[in-house]
Amino acid sequence: MDNLGIARVFTDIGDLLEIKDANPFKVRAYRNAADIVGHMAERIADLTDAEVRALPGIGKDLSAKIRELSDTGALAYYDELRQEFPPTILDLLRLQGVGPKTVAVLYAERGIATLDDLETAATEGRLRTLKGMGPKKERLLLRALAEHRTRVGRHLIGHADDVATRVIDYLRADATDTTIVAVGSLRRGCETCGDIDLLAIGTNDQLMSRFTSFPGVERVLGQGPTKSSVLLQGDVQADLRLVPDESAGAATQYFTGSKAHNIAVRDLALQRGLRLNEYGLFRVADDHPVAGASEAEIYAALGLAYVPPELRENRGEIRAAADGALPRLIERTDLKGDLHSHTTATDGHADVETMARAARDTGLEYLAITDHSQALAMANGLDEHRALAHARHIREVSARLDGITLLAGIECDIRPDGTLDLAEDCLAELDLVIASVHSAFGQAEAQMTDRILRAIASPVVDVVGHPTGRLLLRRDPYKLDIEQVLDAAARAGVAMEINSQVDRLDLSDIHARLARARGVKLVISTDAHAPAGFDLLRWGVMVARRAWAEPDDVLNTRPLEAFQASLRRHRKGASAT
DNA sequence: GCCGTTTTCGGCCCGACTGTTTTCAGTCG
């Protein structure tokens, strides 16, 4: 079993123990272990017992369980726990506002073990008589259920990409003559994917049977000579298509989509007396093939510049491609720095120097260390005194490291009333201030909007962090008048973050494009909590590309000095010093 | 369950919000 699989088991155990009302520190130990294993760069199965044992938070018991899982793929203790509750009970925990205590009561008092059970009971008003519940709670539960339903069957792009990579590597190992690529929403960089679409180019007749015997396959949904579908562990569906070399470009284009983009492109082809399908571009009159081997060839034959996959949503890209007006999209290598990261000073997993070295190893020239402020007590947030001491430490480390410069920043909470969590004179001492909302998500739209507007109005704020607070597939964004916020940010010269965590991607592509249109500058940051976190920049870049962003739209494409000069605090007329 | 010992047991980040209460329990971050 791989790291993510082990992490998932430990997370489940933590949840089940919590439902059992076990020692909370034991629960935390399992969650902590899940976090560590899930974020490790190297395969934990490759480490020696002593090395596993040496990881912070992994002791005798957990290291043995890790070994059992990585060797056998199963864990007796986990199986015992699952005997005590129906496995579906963990689905209930995914609902907003439902925690372990509620799940325990629902199961013990009403025998509720599935989402359907819960919906029936809530609809029939059978929950309001439970202690601690009332009609209002019933309504909240029904709303949480409805929100949850819109999310099932979808997967975070980071997760889908992991799975796709594993399948592709497995197929390639045995089919070195065949090109295999991910297409569909994954290639377009959509924030979530319904299923994984893979395309193989060649004539390998063993490929389909090898695909359906991939070790992660739970069920074969269909298998033919050119098309197969499987259901993988974790409820991910994967489809594989096989096409001959001469159709490579046409098939890649066709299966990449989006549907709306393809319809528009085919329509354009018809206007020119051409027909486009997954096999190629043909003259309508005599079926003569015009193009098909590469995507670029097809777009060119239609009088279009090559359209990057991230833009293929029929949102103006075809007109722009015809006019030669497509943007020069930002690329990962354009980024010179990362502006959001955490260390062990608060809730990160590595110290300042370790994070700095990891950032440098991924090719970054500067890194802002931005630990939490005091309001996030759970994360051991910094008060003014600790924030300034931490800044001194960050600058010391920066001075002795070659190849990377550290900025002493902070991710400062925006309190419910819109005031900042740390005093302005303290924040003014720092190199970068990200202002973020981490509490009172339920505020009314006007209140939340005013709250963020007030933060933007503060002269010491440089960036608004994860501006809408959404957690993909888990929590909707808080209610917010985003256009009012963007207008204020444009006036104040405050940048908006694209947070690269795969469950945030916040701003979204849509909002980031709105921001660009208003002249609001973007930053792309990882919010890394561990050294491996810097790899996530690719997802933030993907969102920016889907927002049509060019390098100049994103402040951290600039070399350090130019970046610092662009911060409002250093601009002429800024009141902070 | 981990850790660090004052070496074998006690401590392990907490504060705000909500819906239910009438002083609190549960959830969230």
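Per chain, numbering begins at 1; letters A, B, ... match sequence-line order. Hydrogens, waters and symmetry mates are skipped; everything else that's a heavy atom, side chains included, is used.
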Asn499(A) side, atom CG; Asp503(A) side, atom CG - distance, nearest 0.5 Å: 8.5 Å

Axial cation check for Phe10(A) ring with Arg31(A), 6.0 Å and 45° limits: no

Using a 90° cut-off around 0 for syn, call dT8(B) syn or anti. syn

P atoms of dC28(B) and dT20(B), separation to the nearest Å: 15 Å

Atom-pair distance (CE on Met448(A); P on dC17(B)), nearest Å: 11 Å

Interatomic distance, CD1@Ile157(A) vs CE@Met542(A), rounded to 0.5 Å, equals 4.5 Å

Same-atom distance (P) from dT21(B) to dT27(B), integer angstrom: 15 Å

Which nucleotides of nucleotides 19-29 of chain B have their base under 4.0 Å from a protein heavy atom (B), which only their sugar-phosphate (S), and which neither (-), written as one string 5' to 3'? SS-----SSSB

Rounded P spacing from dT6(B) to dG11(B) in Å: 15 Å

Partners meeting side chain to side chain contact (heavy atoms under 4.5 Å, CB included) with Ala7(A) (sequence neighbours left out): Ala34(A)

Please give the nucleotide sitting opposite dT8(B) as a Watson-Crick or G-U wobble pair, both distances under 3.5 Å, or none. none

Please state how far atom CD1 in Ile36(A) lies from atom C1' in dC2(B), giving the value in whole angstrom units. 10 Å

Base of dG1(B) paired with side chain of Asn23(A) (donor-acceptor, under 3.5 Å): yes

What contact category does Ala33(A) fall into here, base, sugar-phosphate, or nothing, at under 4.0 angstrom with non-hydrogen atoms? nothing

Can you tell me how far apart CD1 (Ile112(A)) and CD (Glu119(A)) are? Round to the nearest 0.5 Å. 11.5 Å

CG-CZ distance between Leu75(A) and Arg67(A), expressed to the nearest 0.5 angstrom: 13.5 Å

Within the sub-3.5 Å range, which N or O atoms of nucleotides 3-10 of chain B have a protein N or O partner, and how far apart are they?
| residue | atom | partner | partner atom | Å |
| --- | --- | --- | --- | --- |
| dC3(B) | OP1 | Gly57(A) | N | 3.0 |

Mapping Ala379(A) and Tyr77(A) to their closest nucleotides on DNA chain B, which lands nearer the 5' end? Tyr77(A)

Considering every strand and a 4.0 Å limit on heavy-atom distances, what is the contact class for Asp61(A): base, sugar-phosphate, or nothing? sugar-phosphate

Under the side chain to side chain contact (heavy atoms under 4.5 Å, CB included) test, residues paired with Ala408(A) that sit two or more places apart: Ala391(A), Ile394(A), Arg395(A), Asp431(A)

We want to know whether Asp527(A) and His342(A) form a side-chain donor-acceptor pair, criterion being a heavy-atom distance below 3.5 angstrom. yes

Arg154(A): which residues meet the side chain to side chain contact (heavy atoms under 4.5 Å, CB included) condition with it, sequence neighbours left out? Thr192(A), Leu473(A)

Inter-nucleotide C1' distance (dC17(B), dG10(B)), Å rounded: 32 Å

Figure out the CG/C1' separation between Asn380(A) and dG15(B), and round it to whole Å. 14 Å

Those residues at least two apart in sequence (or on a different chain) that pass ring-ring contact (aromatic ring centres under 6.0 Å, His included) with His159(A) are His155(A)

Which part of the nucleic acid does Asp347(A) contact within heavy-atom distance under 4.0 Å: base, sugar-phosphate only, or nothing? nothing

Rounded C1' spacing from dC12(B) to dT5(B) in Å: 14 Å

Calculate the interatomic distance between Arg451(A) atom CZ and dA16(B) atom P; express it in whole Å. 13 Å

Take atom P in dC13(B) and the same atom in dT8(B), then report the distance between them in whole Å. 23 Å

